[in-house]
2 protein chains.
Amino acid sequence: MQQDGDRLRWGVLRRLEFIDFRLFWDGRFNRSDLAETFGISTQQASADIAQYEKIAPANLAYDRADKAYKRTVQFVPAFIGKTIERYLLQIVAVENRWMRHEDTWFEAIPPVEVVTLGRRSTDPTVLLRVLDAVRNRLEIDVEYASLTGSIRQSRTIAPHAIAHSAGRWYLRSWSREHNDFRDYNLSRINEVSEWRRSTVDPALDFEWIHKINLVIVPNPELSPERQAAIAAEYAMENGNLVRPCRLSLSFYLMTQHNLDVEPGKLKPEKQQIVLQNMEEVFQAKAAARQMSIEALARAKGNQG
Amino acid sequence: MQQDGDRLRWGVLRRLEFIDFRLFWDGRFNRSDLAETFGISTQQASADIAQYEKIAPANLAYDRADKAYKRTVQFVPAFIGKTIERYLLQIVAVENRWMRHEDTWFEAIPPVEVVTLGRRSTDPTVLLRVLDAVRNRLEIDVEYASLTGSIRQSRTIAPHAIAHSAGRWYLRSWSREHNDFRDYNLSRINEVSEWRRSTVDPALDFEWIHKINLVIVPNPELSPERQAAIAAEYAMENGNLVRPCRLSLSFYLMTQHNLDVEPGKLKPEKQQIVLQNMEEVFQAKAAARQMSIEALARAKGNQG
DNA sequence: ATATCGCGTCAAGTAATTGGACGCGATATC
DNA sequence: GATATCGCGTCCAATTACTTGACGCGATAT
């Protein structure tokens, strides 16, 4: 199968993958499904099906009554692989209108409800300019939606990385106004106007570069059974989860899971996990921040 | 271009899309990139590039010095469309190891950090059986990881929908043990053994079917500026956001955003939005639950 | 100066795909 | 219970997509 996979043309491979996909998700497919999805003739579709049958004969059987190929109980995906999470994500993307149903291979989107509050989506042009700036070490002028939302402020930033947390996209950047590194909410950037080479070394962003191990344990106020379940869900070893994390991002992770709330304020169910080394994280973050500010000031001094 | 798009073969269209993609994300691409990604000859790749140039001549220019095609400033995506969020999601998927880098079109994954605590991923076979059960109205026996994580419990459920919230997947199901509808965490289902036709009508799951409008406003304890910014971020109209939501899912949405925490317990920054009609939601949910339980009991009485 | 690399292109050959035609079996229609 | 319909499979010649091989061109590296 591996050899077969290598010598098959890219297009044919995709079509076999499609067969695999539909068998997995719908349990059935038609010759015409294949023909319509890829814009090929029925003859070619028949040939493709025959080829799939040669590779994985036990996976499907034609049901004359239903006029469709159906998945057998022995079915094992031969092409789409073991990580099906990506397709689940497609469903989420369709529900959020990030992706069109036609751009997926789903015939019927499974009855999946996505529980989220939709936010404004990112402007492609902004994203494009921002990515360029990151890649080519540029300093850019951006129009940043002020807190009031009405007045538009111009900022000069030199972004060097992007981060994603809880549905929000952040831009890690040096700020000319403050001469330090901070996070900008990508969806609040409306326009990128000018760009020029940046003179700031992103290696000075110690809050970004330095990582710390977050030591996470189930909330001890929960019953032992519940704690064990949570340990299993997060695949904890020895009762704790050690998650390396950039210092500047640690707060987002903490916010996401209510790790930054003092114990006792929330019901334990709302705070299923807690952070053991919070103090250490706080101190490390503050120290790194200080280091960056001083290094940037020194660099500016040398330059001017 | 539309006509061109229709008459182009599926494979060619994908390759033009690839050119568009690379121009967007990397700002550049090679003939050999195209050839290697799709397993075609360099000649064919040249032909494809020529075709793309015919369709969108202003989008790219060959840079002899760099030996690469480069994006021009006038670049406007001609194939990949306006919703680029789907590709951002791919990056998240790669970072979370749900997807392989090779299965995307990214040459270099942009320096994106994904802030999340990875959870155990879903077993494809379980997902497959569960989807079948939903689609064909089956009752299935599942092995559900008990709270202790060690003892395995068998449950008989008839699932009828799937929900996704904050990285977790839930299965909305009727439960034989309790004769009511409840949620099962998909990642805690280890195995699906037997299946048979279900006799329970999912239309009786009123907590699922009935929707309620969640009325969400910025936390009034925040400064007016901050409130305005949050209103903008969530695209609120008249200062509030009305989000229709299935009753059974309303709690997940509330949990995600700390809407279910009494005011004053958390710092306002950790509770940027609040729910105005919490009492109404609670009552509606309880009423629907009661209705379901009674309807199910009646149905059982008629049956037995 | 010379080698190397990526590009473009011409020409001939091969593989993929189409269009047309036919038969087969299961369901729906009257 | 005859008849139409639909989706499938398959044979054929014709067409299109793609490959293999060969050559020249310009920019960079040695």
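The chains referred to below are lettered A, B, ... by the order of the sequence lines, with proteins before strands, and numbering in each begins at 1. Just so you know, these numbers come straight off a predicted model, no measurement behind them.
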* Asked: What do the steps show when you test D132(A) against W195(A) for side chain to side chain donor-acceptor pair (under 3.5 Å), and what is the final call?
  -> CA-CA 10 Å; D132(A) 280 352; W195(A) 56 91; over 6 Å; no
Spacing between [X] atom [atom1] and [N] atom [atom2], to the nearest angstrom:
X      : N       : atom1 : atom2 : value
R31(B) : dC25(D) : CZ    : P     : 16 Å
W10(B) : dA16(C) : CH2   : C1'   : 15 Å
R14(A) : dA16(C) : CZ    : P     : 16 Å
D63(B) : dA27(D) : CG    : P     : 11 Å
L34(A) : dT18(C) : CG    : P     : 11 Å
N30(A) : dC6(D)  : CG    : C1'   : 11 Å
I49(A) : dT17(C) : CD1   : P     : 14 Å
I40(A) : dA16(C) : CD1   : C1'   : 11 Å

* Parallel, tilted or perpendicular, as decided by the 30° and 60° cut-offs, for the rings of W105(B) and F18(B) -> perpendicular
* Checking side chain to side chain contact (heavy atoms under 4.5 Å, CB included) for the pair W10(A)/R14(A): CA distance, chi angles, key distance, verdict? -> CA-CA 6 Å; W10(A) 185 84; R14(A) 283 306 98 98; 3.0 Å; yes
* **Check: dG21(D) base within 3.5 Å donor-acceptor of Q43(B) side chain** => yes
* So does K67(A) reach the base of dC6(D) with its side chain, donor to acceptor, closer than 3.5 Å? -> yes
* Would you indicate, yes or no, if dA16(C) has its OP1 or OP2 atom less than 4.0 angstrom from a side-chain nitrogen or oxygen of R15(A)? => no
* Asked: Can you check whether R64(B) has a side-chain N or O nearer than 4.0 Å to OP1 or OP2 of dG26(D)?
  -> no
* Applying a 3.5 Å limit to both distances, which nucleotide forms a Watson-Crick or G-U wobble pair with dT28(D)? -> dA3(C)
* Structure fact -> Across every strand shown, the nucleotide meeting Watson-Crick or G-U wobble geometry with dG21(D) (both distances under 3.5 Å) is dC10(C)
* Measure centre to centre between the rings of Y87(B) and F21(B), then say whether the value is under 6.0 Å. => yes
* To do: May I ask you to say what S32(A) touches in the nucleic acid, namely base, sugar-phosphate or nothing, with a heavy-atom cut-off under 4.0 Å?
  => sugar-phosphate
* Residue closer to the 5' end of DNA chain C, D66(A) versus G11(A) (nearest nucleotide) -> G11(A)
* To do: Applying side-chain contact (heavy atoms from CB on, under 4.5 Å), name anything that partners D48(B), two or more places apart in sequence or on another chain.
  => V12(B), R15(B), L34(B), I40(B), Q44(B)
